[in-house]
> 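Before I ask anything, let me first share the structure, which is written out below as structure tokens.
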Amino acid sequence: MLTQLSIKNYALINDINVSFSDGFTTITGETGAGKSILLGALSLALGKRADLSSLKDMEKKCIIEAEFEISRYGLKKFFDSNDVDYEDITILRREILPSGKSRAFINDSPVTLDVLKRLGELLVDVHSQHQTLRLTENEFQLKVIDALAKNSQNLKAYDSQLAKYKKTLADLNELRNFQANADREYDYNTFLLKELEEAPLKPGIQEELETEYEQLSNVEQIMVLLSQGNQLLNDEQMGALNGLAELKRVFQNLASFGNSYSNLSERIESVFIETDDIASELLGLKESVEADPQRLETVNGQLQQLYNLQKKHQANSIEELIHIKEDLAKKVEVVENIEANIQEKENELKASQDSLDGLADKLSTARNSVIPKLKDLLQARLSVLGMSAATFKIEIQASETYKSNGKDDLTFLFSANKGSQYGELKKVASGGELSRIMLTIKSILSKYEQLPTLMFDEIDTGVSGEISNRMGEIMREMSHSMQIFSITHLPQVASKGQQQFKVFKEEKSGTTHTQMKQLNPQERVTELAEMLGGKNLSDSALAHAKELLNQA
């Protein structure tokens, strides 16, 4: 509930800070005193867009704070999902700077205007004659029926299944669209895949082939160099091995004359062994190397194939070509399995549709079961409000279309007088009748669901004193389970409030300011008497005002 409202530098308001209690609060004041300004300021704190015209003093910023006690509202999930600290006492703050920029806060945490607006809608429900037009919309009318039908869980299940159905349908359409172009893409992708499969693709193959190509291309030079190396090692007169063998024999004879000679002899022995091994390996290479024009042609062809594929697919390595081949294989496989995939998705969609239809049927059954009760409640309560001849024709017809709230088309018709034709509310109900119907519906809803703070903005416009008295009684009755505000110009309604505030203008230093104050019992008598008979208070007006308060 709204516990406190602070307004600074807004329109005609310089600085107002008021506290509210639970129950029924009425707000009165002369026409033009600023009641609408007060509501406008609160709307800013609830997320309405603002402009520079909101500032009273263009050199200062406008600050509006609305404090709420929200422990019973079950809003922790909302705070968590929007990364805002939860507090049982929550403060919504709006600042409009002289530059025109606007800032929004929840419990001192900066938030977007959208987050503030969504939270505001959960905390305060404002009703004016303009907003009463919501009553004429089928979506709102179904919400009323669903509240009586206790369809909350059914609606959650339906919404979840509808999301699943839409996702499955989108997947199926994507598969079908893919299939429409599959033949052309399949042939091309199959051709590309075959090219890559025929190529010798494995990590490191390009380096291996390039090395082999270099060797095959230079085989004659390699053979000449190997022969030279073999001669240098094995020549009988000049060969390195013969020289090392002779050197080894010399130092074997010196080894017995000391450690320095024996160590050197061992080292020469190691060099000889290593050189002899080199000579053997060189001789093997020399004997294995031979010209192979056919293999050279094969290697060259494989390399050109790899180079061409890299150029064609704009790849920089064999690894990239392997990755491209794997992707193409998947695409080809998808096309080859497309019929099976479509059939599987169609079966999935059918199962989802069956489940969705079942939930929609449950919603319809529950709705139809409470329609007679809703009609009786509406007609009985409107009779008390001076609309004894008002009747409704409420019917639900099955639709083929999946809507956000089921598969029902709602006909919600109204007749205000006996013998009159039924018609849509927006066409046959007057503004005053719509106000009374909306009040009646809200009073019914308050019995079935936890409503936020309700603020009625002159919803009693255009009704007589006696009817307004009954409207006030309904609001007071509703306030037993929720917080109710009524901005009113009728004393019959104002007297029903457990607390009453007056909005008024005063001049200070040549400047007009809007003020607001809570009235004590005697001030309430005076205010109600003025509302009844004007500024010149008569004894009868005062007596009538006291009587209204005593009745309340």
Side-chain angles (χ1 to χ4, degrees), residues 1-20 25-68 82 84 87 89-131 452-453 455-458 485-489 501-519:
M1 73 173 191
L2 178 62
T3 57
Q4 192 163 316
L5 180 63
S6 171
I7 306 169
K8 295 181 180 179
N9 194 37
Y10 175 76
L12 295 178
I13 297 174
N14 185 39
D15 192 348
I16 285 179
N17 196 322
V18 289
S19 299
F20 303 108
T25 298
T26 56
I27 300 173
T28 59
E30 295 179 359
T31 300
K35 298 189 294 296
S36 60
I37 293 176
L38 182 74
L39 186 57
L42 176 61
S43 297
L44 287 178
L46 299 175
K48 181 183 176 182
R49 295 199 171 275
D51 55 49
L52 278 175
S53 63
S54 303
L55 276 63
K56 177 177 175 62
D57 185 341
M58 300 298 292
E59 301 299 319
K60 300 178 181 178
K61 67 180 178 181
C62 166
I63 304 175
I64 301 164
E65 288 188 348
E67 180 183 286
F68 292 87
N82 289 284
V84 178
E87 300 287 348
I89 303 299
T90 281
I91 298 176
L92 277 58
R93 185 168 88 251
R94 189 76 179 280
E95 297 181 358
I96 297 96
L97 307 178
S99 64
K101 292 184 178 180
S102 168
R103 298 189 297 187
F105 301 85
I106 299 175
N107 292 333
D108 288 329
S109 296
V111 295
T112 64
L113 193 58
D114 177 66
V115 172
L116 186 70
K117 184 174 184 291
R118 286 190 285 117
L119 179 58
E121 290 172 348
L122 298 173
L123 298 178
V124 180
D125 190 357
V126 179
H127 286 280
S128 63
Q129 282 191 309
H130 172 70
Q131 286 152 325
T453 292
M455 182 165 290
F456 294 105
D457 180 19
E458 297 190 353
F485 286 87
S486 178
I487 298 175
T488 181
H489 63 281
F501 287 84
K502 180 177 181 178
V503 179
F504 59 96
K505 288 181 180 178
E506 66 177 10
E507 287 191 11
K508 287 184 179 179
S509 304
T511 304
T512 301
H513 302 274
T514 289
Q515 295 287 355
M516 182 178 184
K517 65 174 293 187
Q518 183 175 358
L519 302 180

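Basis for what follows: all heavy atoms, side chains included, without hydrogens, waters or symmetry-related copies.
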> Do you know which of Lys101, Lys60, Arg103 makes salt bridge (charged side-chain N to carboxylate O under 4.0 Å, His left out) with Glu95?
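Single salt bridge (charged side-chain N to carboxylate O under 4.0 Å, His left out) partner of Glu95 among Lys101, Lys60, Arg103: Arg103.
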> Could you walk me through whether Arg118 and Asn82 pass the side chain to side chain donor-acceptor pair (under 3.5 Å) check?
CA-CA 11 Å; Arg118 286 190 285 117; Asn82 289 284; 3.2 Å; yes
> Can you check side chain to side chain contact (heavy atoms under 4.5 Å, CB included) on Ile27 and Val503, steps first, answer last?
CA-CA 7 Å; Ile27 300 173; Val503 179; 3.7 Å; yes
> What I'd like to find out is whether the side chain of Asn17 reaches to under 4.5 Å of the side chain of Gln4, using heavy atoms alone.
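The answer is yes, as the side chains (C-beta and beyond) meet within the 4.5 Å cut-off.
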> Got a list of side-chain donor-acceptor pairs under 3.5 Å for residues 33-42, not counting sequence neighbours?
from, atom 1, to, atom 2, distance (Å)
Lys35, NZ, Gly29, O, 2.8
Lys35, NZ, Glu30, O, 3.3

> I need the Ile106 CD1 to Glu87 CD distance, nearest 0.5 Å.
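One gets 12.5 Å once the value is rounded to the nearest 0.5 Å.
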> To the nearest 0.5 Å, what is the distance between CG (Leu116) and CG (Asp114)?
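Going from the CG atom of Leu116 to the CG atom of Asp114 covers 9.5 Å.
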> Could you check whether any side-chain heavy atom of Pro452 comes within less than 4.5 Å of a side-chain heavy atom of Asp125, counting everything from C-beta outward?
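Yes, their side chains come closer than 4.5 Å.
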> Within the 4.5 Å heavy-atom criterion, are Asn14 and Lys56 side-chain neighbours or not?
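Yes, their side chains come closer than 4.5 Å.
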> Nearest 0.5 angstrom please: Ile487 CD1 to Asp457 CG, how far?
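Spacing of CD1 (Ile487) from CG (Asp457) equals 4.5 Å.
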> Of the non-hydrogen atoms in Ile64 and Ala45, which two are nearest, and what is the gap between them?
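Minimum heavy-atom separation between Ile64 and Ala45: CG2-CB, 3.8 Å.
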> Quick one: CD on Glu67 to CZ on Arg93, what's the gap to the nearest 0.5 Å?
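Separation between the atoms: 13.0 Å.
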> Return the minimal non-hydrogen interatomic distance between Leu44 and Arg94, and the atom names on each side.
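What the structure gives for the nearest pair is O-NH1, 2.7 Å.
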> Within this structure, what is the NZ-OG distance for the pair Lys61 and Ser102, rounded to the nearest 0.5 Å?
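Separation between the atoms: 11.5 Å.
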> Taking atom CD of Glu59 as the centre, report whether more than 12 heavy atoms of other residues, nucleotides or ligands fall under 6.0 Å from it.
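Incorrect, the count does not exceed 12.
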> Is there a side-chain contact between Leu92 and Leu119, using heavy atoms and a 4.5 Å cut-off?
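Yes, at least one pair of side-chain atoms sits under 4.5 Å.
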> Heavy-atom distance under 4.5 Å between the side chains of Thr28 and Thr488, does that happen here?
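The answer is yes; the side chains approach within 4.5 Å.
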> Applying ring pair (Phe, Tyr, Trp, His ring centres under 6.0 Å), can you list everything that pairs with Phe456, at least two apart in sequence or on another chain?
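Expected list: His127.
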> Please tell me if the side chains of Lys505 and Leu12 come closer than 4.5 Å, counting only heavy atoms from C-beta onward.
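Yes, at least one pair of side-chain atoms sits under 4.5 Å.
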> Which residues pass the side-chain hydrogen bond (donor to acceptor under 3.5 Å, both in side chains) test with Ser43, not counting sequence neighbours?
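Testing Ser43 for side-chain hydrogen bond (donor to acceptor under 3.5 Å, both in side chains), a comparison that skips the adjacent residues, returns none.
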> In the structure I gave you, are the side-chain heavy atoms of Asp15 and Ile7 within less than 4.5 Å of one another anywhere?
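Heavy-atom side-chain distance check fails, nothing below 4.5 Å.
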> For residues Leu2 and Ala66, report the shortest heavy-atom separation together with the two atoms involved.
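Heavy-atom minimum between the residues: CD1-CB, 4.0 Å.
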> Checking Glu65 now: which residues fulfil side-chain hydrogen bond (donor to acceptor under 3.5 Å, both in side chains) with it, not counting sequence neighbours?
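Result, side-chain hydrogen bond (donor to acceptor under 3.5 Å, both in side chains) vs Glu65: none returned.
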> Side chains of Met516 and Phe504, heavy atoms from C-beta outward: is any pair under 4.5 Å?
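Sidechains of Phe504 and Met516: no contact.
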> If the condition is ring pair (Phe, Tyr, Trp, His ring centres under 6.0 Å), which residues does Phe20 pass it with, not counting sequence neighbours?
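Phe20: ring pair (Phe, Tyr, Trp, His ring centres under 6.0 Å) contacts with Phe485, Phe501.
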> Would you sort out whether Ile16 and Gln515 count as a side chain to side chain contact (heavy atoms under 4.5 Å, CB included), showing the intermediate values?
CA-CA 7 Å; Ile16 285 179; Gln515 295 287 355; 4.2 Å; yes
> Taking all heavy atoms of Thr112 and all of Ala104, pick out the closest pair and write down the distance.
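Nearest pair, atom of Thr112 first, then Ala104: O-CB, 4.5 Å.
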> Do you know which two heavy atoms are closest between Val111 and Val84, and how far apart they sit?
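So the two residues come closest at CG1-CG2, 3.7 Å.
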> Using every non-hydrogen atom in the two residues, find where Lys48 and Leu113 come nearest and quote the distance to one decimal.
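That closest heavy-atom pairing would be O-CD1, 4.4 Å.
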> Start with the C-alpha distance between Ile91 and Asp108, add both sets of side-chain angles, then the distance that settles side chain to side chain contact (heavy atoms under 4.5 Å, CB included), and finish with yes or no.
CA-CA 8 Å; Ile91 298 176; Asp108 288 329; over 6 Å; no
> Taking atom CG of Leu519 and atom NZ of Lys502, what is their separation to the nearest 0.5 Å?
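Answer for the CG-NZ pair, Leu519 versus Lys502, is 7.0 Å.
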> For Lys8, check side-chain hydrogen bond (donor to acceptor under 3.5 Å, both in side chains) against everything at least two apart and list the hits.
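Scan of Lys8 (side-chain hydrogen bond (donor to acceptor under 3.5 Å, both in side chains), adjacent residues dropped) gives none.
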